[in-house]
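Reviewing the structure listed below.
Just so we're on the same page: letters track the sequence lines, and every chain starts at 1.
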Protein chains: 2
Amino acid sequence: MTAPTGRRERKKAATRQKIADAALRLFLERGYEAVGIRDVAAEADVAVTTLFAHFPSKEALVFGHDQDFERRLTEAVTDRAPGEPLIPALRREVQALVRHCTGDGSAPIWRLIDASQTLLDYEKSMRLRHAESLAAAIAADLGLPPATTACRTIARFVIDAYSLAREAADPEAALDEIFRMIEAAWAAARPSADPVGTTEP
Amino acid sequence: MTAPTGRRERKKAATRQKIADAALRLFLERGYEAVGIRDVAAEADVAVTTLFAHFPSKEALVFGHDQDFERRLTEAVTDRAPGEPLIPALRREVQALVRHCTGDGSAPIWRLIDASQTLLDYEKSMRLRHAESLAAAIAADLGLPPATTACRTIARFVIDAYSLAREAADPEAALDEIFRMIEAAWAAARPSADPVGTTEP
DNA sequence: TTTCAAAAGGCTAACCGTTAGTGCTACGGT
DNA sequence: ACCGTAGCACTAACGGTTAGCCTTTTGAAA
């Protein structure tokens, strides 16, 4: 984590942070649509082109930590205790993620997102990309060829679980319900394992 | 279907068709990104504002029949034979839809879509909207309050099935595999029914 | 130390999708 | 026959995004 290289990267990170902070401040003050890229650039005291050198789009200003999400999901697969079954490990991580983004700390940002169709769309697209990474991680973990249908399917279901639970009135209960379904789906996908003893002859 | 009203609507429909045709022609010729809205408008011999009066966005020019997709899915639920179980009915319809869009007739359009990230993103967003409609239809059919977690979940899974099968090397096999998982998930969601006899005490 | 290539940032000007604002014309119901 | 309005056109602009070109900083080679 501690960079072996020096000053340039620190300055770059600082600029990026300055832009992200300015953007979030303005968005929370006036709302996402009411703030223009040029406003953000001015507030951060950088040129518009500099802003776009750090963030690929206006929406990305809000989702600065999307890589964390992706990393945490794949690591939940790769770094889990040896012998621990796949789905419960994913369930734990998704639960943590949902708790994090329904917690008080993240509430203003999510109010911002839920108020803008543009941001909602962007988020869903992002999640689908994450599903691909997750599918690859699952396939690798199981020693399967990448992009197996079953792996991609389960990855999508897990992302769906996150998305639906986040929107549900009672996220914890929703997560319970959905992951019960995912467990069943996963068991049906691989007639080898024995989750509760439903092995077939 | 045959309009009870007269000339105005016919002219309107003709204009819309003219625009859609011109757009498709240009897109297939030069590629989606290489064609501007102004090009399409000129080719269709209408004003840009007229174009946007008929289509809400550039992407919508390509997905002119998205309402068909939504309608067919919900009708697969509401119009199925009395007593027919839900999931097989959905499976049949999804299979038909996948066959349709992997058939030779639709091949060029889908090559167009798969070549543009913008269009792919738009398509996924569309499907998520369709999932909401499907969830509502399922909930209504089962006499449940709308937007139940289980219904929304199954609806998402069905949409995932379509999306994944379309991209798979062997769509039919993928559909088999995924719907086996969906059946299991559905059975797990409602401990009342008895799909294979997995009733709990 | 000097030198140099690349990175980071800036400025201008434009492109492209999209949307007012305005007005004209033809159609359809009264 | 009359009038409201739907369909369409035209101009201008707005806002996100990018290309072209230039300056400064910085890391490292010479």
I'd like to know if B:Thr49 reaches the base of D:dC10 with its side chain, counting only an N/O donor and acceptor under 3.5 Å. yes

Side-chain donor/acceptor contact of B:Arg38 with base of C:dG17 under 3.5 Å: yes

Any donor-acceptor pair under 3.5 Å linking the side chain of A:Ser106 with the backbone of A:Thr102? no

Indicate, with a heavy-atom threshold strictly under 4.0 Å, whether A:Asp45 touches base, sugar-phosphate, or nothing. sugar-phosphate

What contact category does B:Val40 fall into here, base, sugar-phosphate, or nothing, at under 4.0 angstrom with non-hydrogen atoms? nothing

If I take atom [atom1] in residue [X] and atom [atom2] in nucleotide [N], what distance separates them, rounded to the nearest angstrom?
X: B:Lys58; N: D:dG16; atom1: NZ; atom2: P; result: 19 Å
X: B:Ile19; N: C:dT18; atom1: CD1; atom2: P; result: 14 Å
X: B:Arg16; N: D:dA6; atom1: CZ; atom2: C1'; result: 17 Å
X: A:Glu9; N: C:dG9; atom1: CD; atom2: P; result: 12 Å
X: A:Lys12; N: C:dA6; atom1: NZ; atom2: P; result: 16 Å
X: B:Phe55; N: D:dC8; atom1: CZ; atom2: C1'; result: 15 Å
X: B:Asp121; N: C:dG17; atom1: CG; atom2: C1'; result: 16 Å
X: B:Phe52; N: C:dT18; atom1: CZ; atom2: C1'; result: 5 Å

Regarding the side chain of B:Val48, the nearest nucleotide among D:dA9, C:dT18, D:dT17 is C:dT18

For the side chain of B:Lys11, counting heavy atoms from C-beta on, which of D:dT17, C:dC27, C:dT18 is nearest? C:dC27

Is any side-chain N or O of A:His54 closer than 4.0 Å to OP1 or OP2 of C:dA8? no

Can you find a side chain N or O atom of A:Thr15 that sits less than 4.0 Å from OP1 or OP2 on C:dG9? yes

Just checking, any donor-acceptor pair under 3.5 angstrom between side chains of B:Glu33 and B:Ser116? yes

Determine whether the side chains of A:Arg156 and B:Ser163 contain a donor N or O and an acceptor N or O closer than 3.5 Å. yes

Ring pair (Phe, Tyr, Trp, His ring centres under 6.0 Å) between B:Phe63 and B:Phe69: does it pass, once the steps are laid out? CA-CA 10 Å; B:Phe63 298 100; B:Phe69 185 94; over 10 Å; no

Cation-pi, B:Phe52 ring and B:Lys58 (6.0 angstrom, 45 degrees): no

Result for 5'-nearest mapping on DNA chain C, choosing between A:Ala53 and B:Ile37, is A:Ala53

